[in-house]
Amino acid sequence: MKIIVAKNYDELSEAAYGVIKEVVLSNPQAVLGLATGSSPLGIYKRMAEECTEGKVSYKEVKTVNLDEYVGLPPTHPQSYRWFMKTNLFDKIDVLPENTHVPNGCAADLAAECKRYDELLEKLPRNVQLLGIGNNGHIAFNEPGSPFDGGTRIVELDKSTIAANARFFESEDEVPKKAISMGIKGIMASEKIVLVASGSNKAEAVRAMCKGPVTEACPASILQNHPDVTVVLDEEAASKLYFKLW
Ligand code: F6R
């Protein structure tokens with residue numbers, strides 16, 4: 001696990017963007033695994049800027065997202081499909097048909113999970129971008145999720161619902177279920193970049209990097225992946241070091 005500690009969110013975003021940019025420049029047909037939430041916004045901003053400047057093209061790139069709320073249609077402003085469209089896909093030259101987000105409104109959700117796992121087999125990712133929950137979740141694999149699990153319908157933890165309430169009018173409006181790529185699917189990516197900022201992530205980051213590999217902290221499994229870069233700001237990294245005085 002390579003750990004980079006950046007001075008602030010902008011530097012963190014630039015460092016993580018650098019990894020993704022290198023993948024796309026070396027393979028214009030790369031498959032990118034993408035995440036939603038606050039953490040990747042700075043990376044998506046840099047992707048949009050350098051694409052507009054003609055420095056990086058996503059014309060042949062394919063993207064696969066981690067998760068989607070159950071019950072929110074793609075046009076719902078808090079759906080992850082909408083998040084990706086407005087924060088990234090509309091701002092780069094990726095073809096809409098090459099972007100994939102699980103369908104949280106599928107009539108048969110079990111069939112949708114199976115379809116998504118088949119898609120992941122067909123589109124092996126060159127790099128997977130991740131954030132981390134305050135409770136150590138990756139995608140919506142909450143503590144206790146099986147390390148060998150595939151895409152499935154998950155119940156969101158109370159702490160995840162509380163953390164995501166900031167995007168909704170009230171906590172009651174946050175969906176209670178999501179469709180999430182499993183840990184097995186995440187670990188299948190050739191390369192992984194995880195970004196975390198802020199002191200509220202410090203304990204989860206410590207457990208991920210320095211704690212035992214345990215399903216109690218889903219992100220700890222990343223210690224077993226051969227190519228992971230963790231990019232943190234100083235607050236998120238604050239529990240990684242022993243203080244000598
Ligand atoms: C998002 C996702 C989640 C978030 C995590 C951190 O697609 O799968 O695991 O990465 O909840 O969210 P933020 O970045 O909003 O703190």
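Each ligand, and each atom within it, is numbered from 1 in the order the structure gives. The figures here come from the full heavy-atom set of this structure, side chains too, leaving out hydrogens, waters and symmetry mates.
Relative ring orientation between Phe168 and Tyr69 is described as perpendicular, the plane-to-plane angle rising above 60° on a 0-90° scale split at 30° and 60°.
The protein heavy-atom contact nearest to atom 1 (C) of ligand 1 is Thr36 OG1, 3.1 Å.
Under a 4.0 Å N-O distance rule, the pair Glu68/Arg81 does not qualify as a salt bridge. Taking the charged nitrogens against the carboxylate oxygens, Glu14 and Arg46 do have a contact shorter than 4.0 Å, which makes a salt bridge. A salt bridge links Lys114 and Glu118; the closest N-O separation between the charged side-chain nitrogens and carboxylate oxygens is under 4.0 Å. A salt bridge links Asp90 with Lys85: the closest approach of a Lys/Arg side-chain nitrogen to an acidic carboxylate oxygen falls below 4.0 angstrom. Salt bridge Glu234/Lys7: absent, no basic N to carboxylate O contact under 4.0 Å.
In terms of polar-atom proximity, defined here as any N/O pair under 3.5 Å, Ala139 does make such a contact with ligand 1.
Contact annotation for Ile132 and ligand 1: only backbone heavy atoms (N, CA, C, O) come within less than 4.0 Å of the ligand. Residue Asp67 touches ligand 1 through its side chain alone, judged by heavy-atom distances below 4.0 Å. At a 4.0 Å heavy-atom cut-off, ligand 1 does not touch Met181 at all.
The heavy-atom pair separating Ser145 from Arg152 by the smallest distance is OG-NH2, 3.1 Å.
For the residues Pro218, Ala178, Ala219, Ser38, the heavy atom positioned nearest atom 15 (O) of ligand 1 is part of Ser38. Of the options Gly131, Gly133, Ser39, Pro40, the smallest heavy-atom separation from atom 13 (P) of ligand 1 is shown by Ser39. Counting only non-hydrogen atoms, the option in Glu142, Lys201, His137, Arg166 that gets closest to atom 5 (C) of ligand 1 is His137.
Remark: ligand 1 atoms within the under-4.0 Å shell around heavy atoms of Leu66 are 8 (O).
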